Participant: 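This is the structure I have questions about; it appears just below.
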There are 2 protein chains.
Amino acid sequence: MSKAANTRNMILTKSFELIYKQGYQATSIDNILETTKVTKGAFFYHFKNKDEMGLAMINEIIYPGMYASLVKPLLDAKDPINDIHEMMRVVLLKVPFLRAKYGCPAVNLIEEMSPLNEDFKKGLLKLTNHWQDAIKENINQGKALKQIRQDVNPEYVACFVVAGYSGIRNMGKAMGSSCYNIFLQEFKNYLKQLA
Amino acid sequence: MSKAANTRNMILTKSFELIYKQGYQATSIDNILETTKVTKGAFFYHFKNKDEMGLAMINEIIYPGMYASLVKPLLDAKDPINDIHEMMRVVLLKVPFLRAKYGCPAVNLIEEMSPLNEDFKKGLLKLTNHWQDAIKENINQGKALKQIRQDVNPEYVACFVVAGYSGIRNMGKAMGSSCYNIFLQEFKNYLKQLA
DNA sequence: CATTTTAAATACTGATTGGTATGTAACACA
DNA sequence: TGTGTTACATACCAATCAGTATTTAAAATG
């Protein structure tokens, strides 16, 4: 990687960490410069303003991360009830970077930025839509395998699953990670009923 | 109400509306003064700083509002599956002040402030705890009435329901209110399985 | 009526915000 | 080796931030 590309990447990854913990608006450019040791000139050379950096962060950091942990485990369905529960369990309990106190980076940004900025909303919508599509497709494959009842609506299930995830990430911020285990237990009951 | 109490109340209710739409940190005191026509002297006479006002807003505006729309409908259970679904339906579709784009004031504040301020976290935790207790108690009454299976764990259900609500409020910010109807459909399937 | 307390108005402060203007090394390419 | 482009570095700017200091009007109380 070239030195310039390295600088740009440093800005994006460190901004991601700061914004995850502090929120987008509460993370100032000066704060980013301080922790990256990059100068303001370099920052505004690579991004024309703060929002463009935020968008790049969504597309280049958050999207690939969510694809790896949320979408990939659902491709090639073996047993949707297990596939989906396991995906949820892993992302809630086995990703060390994600702390209950700080929630989920994507959920946080949807919450903070969707009502304020149309570009952010569109970028974040792509994330959730792709995740919902993956759940939907997994359920459809499960129906073909007769593991899921034929009257189950995959789109509805996808919406409900994503809502559950977003919600427990929100609750975890106030209650801590103990609620994750409770959620996973009851989530299993919900999923079982799809068979 | 005295003139002073009126001023204080005006600050709280207008701050609530602004913070609901803009977020707590993004709503400046000057912004509040501008829309209330209250002066800075009056503001800092009634509240020693911004955070104290925010806490008062949670306790005096948000808490009573959530009690009326989320807790009260669950007291005196008739049929938990219907009680809980109806509570959810009404709060999602029938409270005109709440717009999908802006989500739920309490969920927003939990998301934004829980990791940053311990006092906010405690105040907001009281809200969700009281709501969860109401759901739990409703389910318990339903078990006594043999409308809910005896092996259902009311605490788990309460956690799952609150997570679903928080999550769909988050999704609605990006997707609009159409996802509310989908969620309510699938939520009914979840609840039915408790019988 | 006199005095004290409550409630509010005005003007200010230092710190921080996103962003700009300008300058300058390092490097690619002719 | 000269020239233009890339990739920064530094200093600055107007606007906005939460909060303070000081003054003043209104209301309660003796």
Side-chain angles (χ1 to χ4, degrees), chain A residues 1-58 60 108-109 112-113 115-120 123, chain B residues 1-58 60 108-109 112-113 115-120 123:
Chain A
M1 184 157 43
S2 74
K3 193 163 167 279
N6 200 4
T7 300
R8 194 189 126 100
N9 215 56
M10 172 81 89
I11 292 171
L12 288 178
T13 56
K14 289 286 184 189
S15 295
F16 170 68
E17 290 172 26
L18 289 170
I19 289 167
Y20 173 49
K21 293 180 182 175
Q22 302 176 341
Y24 175 79
Q25 294 172 101
T27 300
S28 69
I29 295 175
D30 285 349
N31 188 353
I32 294 166
L33 304 180
E34 198 177 28
T35 62
T36 53
K37 305 296 178 194
V38 163
T39 62
K40 194 160 275 197
F43 184 96
F44 282 98
Y45 173 77
H46 286 287
F47 308 100
K48 80 167 198 280
N49 54 37
K50 190 189 177 188
D51 283 359
E52 202 191 61
M53 185 280 296
L55 262 350
M57 180 194 71
I58 291 172
E60 299 173 35
N108 294 354
L109 276 175
E112 181 183 4
M113 298 306 294
L116 303 178
N117 186 305
E118 198 65 29
D119 291 330
F120 274 67
Chain B
M1 183 160 39
S2 75
K3 192 161 168 281
N6 199 4
T7 301
R8 196 189 125 97
N9 214 56
M10 172 80 89
I11 292 170
L12 288 178
T13 55
K14 288 286 183 188
S15 296
F16 169 67
E17 291 172 25
L18 288 170
I19 289 167
Y20 172 48
K21 295 181 181 175
Q22 301 176 341
Y24 176 79
Q25 295 173 98
T27 300
S28 70
I29 295 174
D30 284 349
N31 188 353
I32 294 166
L33 303 181
E34 199 177 26
T35 62
T36 53
K37 305 295 176 194
V38 164
T39 61
K40 194 159 276 197
F43 184 96
F44 281 97
Y45 172 78
H46 286 286
F47 307 100
K48 81 167 195 282
N49 53 38
K50 189 189 177 188
D51 283 359
E52 203 190 62
M53 185 281 295
L55 262 350
M57 179 194 71
I58 290 172
E60 300 173 36
N108 294 355
L109 276 175
E112 180 183 3
M113 298 307 293
L116 303 178
N117 185 306
E118 198 65 29
D119 291 330
F120 274 68

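Since the structure is predicted, the reported quantities are computational estimates derived from the model, not experimental observations. Each chain gets a letter, A, B and so on, in the order the sequences are listed, and its residues count up from 1. We use all heavy atoms of the structure for the numbers below, so side chains are in, but hydrogens, waters and symmetry mates are not.
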Participant: Atom CE in B/Met57, atom CZ in B/Phe47: separation rounded to 0.5 Å?
Facilitator: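 Spacing of CE (B/Met57) from CZ (B/Phe47) equals 10.5 Å.
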Participant: Just N and O in the side chain of B/Thr7: are any of them under 4.0 Å from OP1 or OP2 of C/dA8?
Facilitator: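 Result: yes.
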Participant: Kindly point out which of C/dG19, C/dT17, C/dA8 is positioned nearest to the side chain of A/Ser28?
Facilitator: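 Nucleotide nearest to A/Ser28's side chain: C/dT17.
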Participant: Take the protein atom CE of A/Met53 and the nucleotide atom P of C/dG18, then report the distance between them rounded to whole Å.
Facilitator: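 Between P of C/dG18 and CE of A/Met53: 9 Å.
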Participant: Atom CE in A/Met113, atom CD1 in A/Ile19: separation rounded to 0.5 Å?
Facilitator: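 The CE atom of A/Met113 sits 9.0 Å away from the CD1 atom of A/Ile19.
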Participant: Could you state the atom-to-atom distance from OH of A/Tyr24 to P of C/dT17 in whole Å?
Facilitator: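 Value for this atom pair: 14 Å.
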Participant: Look up atom CG in A/Leu33 and atom NZ in A/Lys14, then write down how far apart they are to the nearest 0.5 Å.
Facilitator: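 Going from the CG atom of A/Leu33 to the NZ atom of A/Lys14 covers 13.5 Å.
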Participant: Suppose we screen for side-chain contact (heavy atoms from CB on, under 4.5 Å). Which residues come up paired with B/Asp51, at least two apart in sequence or across chains?
Facilitator: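 In terms of side-chain contact (heavy atoms from CB on, under 4.5 Å), with neighbours along the sequence ignored, B/Asp51 is linked to B/Tyr24, B/Asn49, B/Asn117, B/Phe120.
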Participant: Measure the spacing between CG of A/Asp30 and CZ of A/Phe43 and express it to the nearest 0.5 Å.
Facilitator: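 If I round to the nearest 0.5 Å, the distance is 10.0 Å.
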Participant: Ignoring hydrogens, what is the shortest heavy-atom contact between A/Lys40 and A/Ile29? Give both atom names and the distance.
Facilitator: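 Distance-wise, the nearest heavy atoms are CE-CG2, 4.4 Å.
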Participant: Whole angstroms only, please: what is the CG-P distance between A/Asp30 and C/dG18?
Facilitator: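 Computing the A/Asp30:CG to C/dG18:P distance gives 7 Å.
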Participant: In terms of side-chain heavy atoms, does A/Asn31 have a donor or acceptor partner in A/Gln22 at a distance below 3.5 Å?
Facilitator: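 Yes, A/Gln22 and A/Asn31 have a side-chain donor paired with an acceptor closer than 3.5 Å.
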Participant: Using the 3.5 Å cut-off, write out each protein N or O paired with an N or O of nucleotides 25-29 of chain C and the distance between them.
Facilitator:
none

Participant: Using chain B heavy atoms and a threshold of under 4.0 Å, write down where along DNA chain D the contacts begin and end, 5' to 3'.
Facilitator: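 Listing 5' to 3', DNA chain D meets chain B from D/dC17 to D/dT20.
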Participant: Can you measure A/Phe43 atom CZ to C/dT17 atom C1' for me and round it to whole angstrom units?
Facilitator: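 After rounding, the gap between these two atoms is 13 Å.
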Participant: Find the distance between CZ (A/Arg8) and CE (A/Met53) and round it off to the nearest 0.5 Å.
Facilitator: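 Separation between the atoms: 10.5 Å.
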Participant: If the condition is side chain to side chain donor-acceptor pair (under 3.5 Å), which residues does B/Gln25 pass it with, not counting sequence neighbours?
Facilitator: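 B/Glu112.
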Participant: For A/Lys50, which residues count as a salt bridge (charged side-chain N to carboxylate O under 4.0 Å, His left out) partner, sequence neighbours excluded?
Facilitator: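 Per chain and number, A/Lys50 pairs via salt bridge (charged side-chain N to carboxylate O under 4.0 Å, His left out) with no residue.
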Participant: At a cut-off of 3.5 Å, list every protein nitrogen or oxygen paired with a nitrogen or oxygen from nucleotides 9-13 of chain C, distance to 0.1 Å.
Facilitator:
from, atom 1, to, atom 2, distance (Å)
C/dA9, OP2, B/Thr39, OG1, 2.8

Participant: Rounding to an integer number of Å, can you tell me how far A/Ile32 CD1 sits from C/dG18 P?
Facilitator: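 After rounding, the gap between these two atoms is 8 Å.
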Participant: Just how far, in rounded Å, is C1' of C/dG18 from CG of A/Asn31?
Facilitator: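 These atoms are roughly 14 Å apart.
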Participant: What distance do B/Ile58 atom CD1 and B/Asp119 atom CG have between them, rounded to the nearest 0.5 Å?
Facilitator: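 Those atoms lie 9.5 Å apart.
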Participant: Have a look at A/Asn49 and say if it touches a base, only the backbone sugar-phosphate, or nothing, with a 4.0 Å heavy-atom cut-off.
Facilitator: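 It contacts sugar-phosphate atoms only.
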Participant: When the distance from CD1 of B/Ile11 to P of C/dA7 is rounded to whole Å, what number comes out?
Facilitator: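 Computing the B/Ile11:CD1 to C/dA7:P distance gives 12 Å.
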Participant: Give A/Phe44 one of three labels, base, sugar-phosphate or nothing, depending on what nucleic acid heavy atoms sit under 4.0 Å from its own.
Facilitator: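 Base, at least one base heavy atom under 4.0 Å.
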